[in-house]
Amino acid sequence: MLNDLVNYVQHMPAPLWFWLLFAAIGVGSALEVVMQKSPLNSAIALIFTFAALSANYILLKAQFLAAIQIIVYAGAIIVLFVFVIMLLNVRSEESRLDRYGALKWIVTPSVLVLFGSVFYVAKTSRMDRIVESARSADIGTVESIGRGLFTTYLLPFEAASVLIMMALVGALVLAQRTQTLEREIETPEEPPAEAHEPENVEVQA
Amino acid sequence: MTLLMFIITAVKILLVLFVVLTGVAYLTYMERRVLAFIQVRLGPNRVGPFGLLQPLADGIKFIFKEDVIPNDVTRFLYILAPMIALVPALMTFAVIPVGGTIRLFDQDIGLYITSINVSVLFVFAMTSLGIYGIVLAGWSSNSKYSLFGGLRSSAQMVSYELALSLSIVGVLMNAGSLDLTKIVAAQSGWYHLGWNVFGLQFVGFVIFFISVLAETNRVPFDLPEAETELVGGFHTEYSAMKFAMFFMAEYTSMITASAMATVLFFGGWNGPGVGIETFGPIIGVAWFVAKVIGFLFVYIWIRGTLPRFRYDQLMDFGWKLLLPLAIIWIVVTASVKLGISLYGGAH
């Protein structure tokens, strides 16, 4: 069993090595995302997760997806996260494990089931399929993705965009309502508290 | 990949790094001289002939200055931030083509480091990563002014990135590719003068250039480092070489932005004389460099001319004018292209 594994590792093709490297970085930084106490550090770890994921997309010959992954997630969404963290001056979480003691009886079995199923899938499917798909064809190019989106998958694509549009309008309506409510109450409001006093700025080494 | 190819690529990378970093150094010199000329002053003219060695003197000064790390900063991020700002700015040059192909050692050598089929997206990805340098610098400095600079910068860059990426869609439709070399090749018609800017894409170019000014934090969009309000903005707490790295990042982004404007809208290395047999590629590179320097001059010219925006004006301008205009222009370009392909097949 162990000899088989060693033999397998020794004869792995180069892309698989890189895949393992980036997968390790991805899983490691993903763990950091949930384990870091400072929210900003979690956000930075999330950037590394996306970068590793994007590298694995490139190994799968999906350059378009890789670039979009960086632009949309690392370049826009996490920037917004960081922006919110900075603006609201979010503090570090204290350890609250004691408050949710019962949770571990639910979480531990669920995680075990999750890992078990992942392991089962990994065992029944073949690892070298990754390399095969990397060798095969240009499924990841802009042209093929665009063609797919506007022919075969047009309906799901349009449905998703309608959904996003609804979310956008909904957010606008909600924000607008809060504003009108505030105007109706017409209490002499205090100006919002200065959130950026230097001593409040979070310092986490 | 043979050994020769490997060496050629390595030489190309080193050459590009050398040229860009030297360019950054002399861009600061050019900026100071041109600004001085605009303001009827002399500018630096003592170190070397015409002050040409001034960047060297500045560099030595930056290296030997004391590198102060304030007590209350988040140390790791504080040190990391200038590097995060500089590295993505330099990485974009990996895909920017400065010329066609030349023949050396029986090899066709493309005058770009690499050519990938999503190079436009690669440039945008690197630009969007550059934000983190500024944001993290603002956060980790543990200072009110730095934090405000970082906040302004992240809001501003995220807002103008939308208009920036939409403004080039017309160009992409013309070229039918996301590969910068193919985009340049698509502009080689009309005796190498079929540049995108001569035609419908002029509006796209205007939107692109304004957004790029905002993305590179240049006047009139330099609110993240507005001296009169924020001391120095996100780099208030930085000194010595770390401060210089932010400077280098900003100037590198300026050169990148000028190169992108050249490639996307001004035909890249295309220009009269490029078709000539042996010297064509060299003339092409000269065209490219001349165009980039022209754009850099415009940058400095704008800095010498315009005052700074107010913050709400900046946001209104980006979201309520540039973004809708960019979307409208995509529709116009697409309609015209469709119309030509349907009815205009006569010529």
Side-chain angles (χ1 to χ4, degrees), chain A residues 14 36 38-41 43-48 50-51 54-55 57-58 61-90 92 138 140-146 172 194-205, chain B residues 70-78 80-81 84 88 91 95 116-132 134-136 138-159 161-162 164-165 172 176-179 215 234 236-237:
Chain A
Q36 283 286 337
S38 153
L40 194 72
N41 286 357
I44 292 163
L46 200 53
I47 302 170
F48 278 96
F50 288 139
S54 161
Y57 282 142
I58 289 178
K61 290 271 164 70
Q63 301 98 329
F64 179 71
L65 211 55
I68 290 298
Q69 175 87 11
I70 294 287
I71 294 176
V72 172
Y73 285 96
I77 291 181
I78 309 279
V79 170
L80 284 181
F81 282 2
V82 171
F83 189 69
V84 169
I85 292 169
M86 283 165 71
L87 202 64
L88 300 182
N89 204 6
V90 184
S92 290
D138 40 47
T141 58
V142 190
E143 289 85 354
S144 62
I145 285 180
L172 272 179
E194 262 309 303
H196 307 295
E197 283 149 85
E199 61 268 27
N200 284 356
V201 175
E202 195 53 61
V203 181
Q204 272 289 318
Chain B
N71 273 335
D72 291 333
V73 299
T74 311
R75 222 184 144 81
F76 178 66
L77 291 180
Y78 178 85
L80 196 68
I84 296 182
M91 271 173 75
V95 294
I116 50 178
N117 63 8
V118 288
S119 39
V120 173
L121 295 177
F122 178 82
V123 172
F124 281 145
M126 287 304 127
T127 328
S128 60
L129 285 184
I131 301 178
Y132 287 109
I134 293 173
V135 173
L136 292 180
W139 168 268
S140 65
S141 291
N142 198 18
S143 144
K144 203 184 280 186
Y145 298 121
S146 303
L147 188 63
F148 269 121
L151 281 176
R152 282 184 179 183
S153 149
S154 49
Q156 175 180 326
M157 286 170 119
V158 168
S159 307
E161 215 164 57
L162 293 170
L164 179 70
S165 25
L172 302 182
S177 172
L178 287 170
D179 188 339
E215 284 281 306
F234 60 87
T236 304
E237 304 291 334

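The sequence lines fix the lettering, A, B, ..., with proteins before strands; numbering per chain opens at 1. Every value quoted in this text rests on a predicted model; they were computed, and no experiment measured them.
Considering every non-hydrogen atom in both A:Gly75 and B:Ile131, the closest pair reads O-CD1, 4.4 Å. The two residues A:Ala67 and B:Ala125 make their nearest non-hydrogen contact at O-CB, 4.4 Å.
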Please lay out, stage by stage, how A:Ile44 and B:Leu77 fare under the test side chain to side chain contact (heavy atoms under 4.5 Å, CB included).
CA-CA 10 Å; A:Ile44 292 163; B:Leu77 291 180; 3.6 Å; yes
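Contact annotation for B:Phe76: neither backbone nor side-chain heavy atoms come within less than 4.5 Å of a heavy atom of chain A. For A:Val79, the parts lying near chain B are the backbone and the side chain together; criterion is any non-hydrogen pair under 4.5 Å.
More than 12 heavy atoms of other shown residues, nucleotides or ligands fall within 6.0 angstrom of atom OH in B:Tyr78.
Note that CD1 of A:Ile70 is 15.5 Å distant from CZ of B:Phe124, once rounded to the nearest 0.5 Å. Rounded to the nearest 0.5 Å, atoms CG (A:Leu65) and CG (B:Leu121) are 11.0 Å apart. Distance CG/A:Leu40 to CG/B:Leu136: 6.0 Å, rounded to 0.5 Å.
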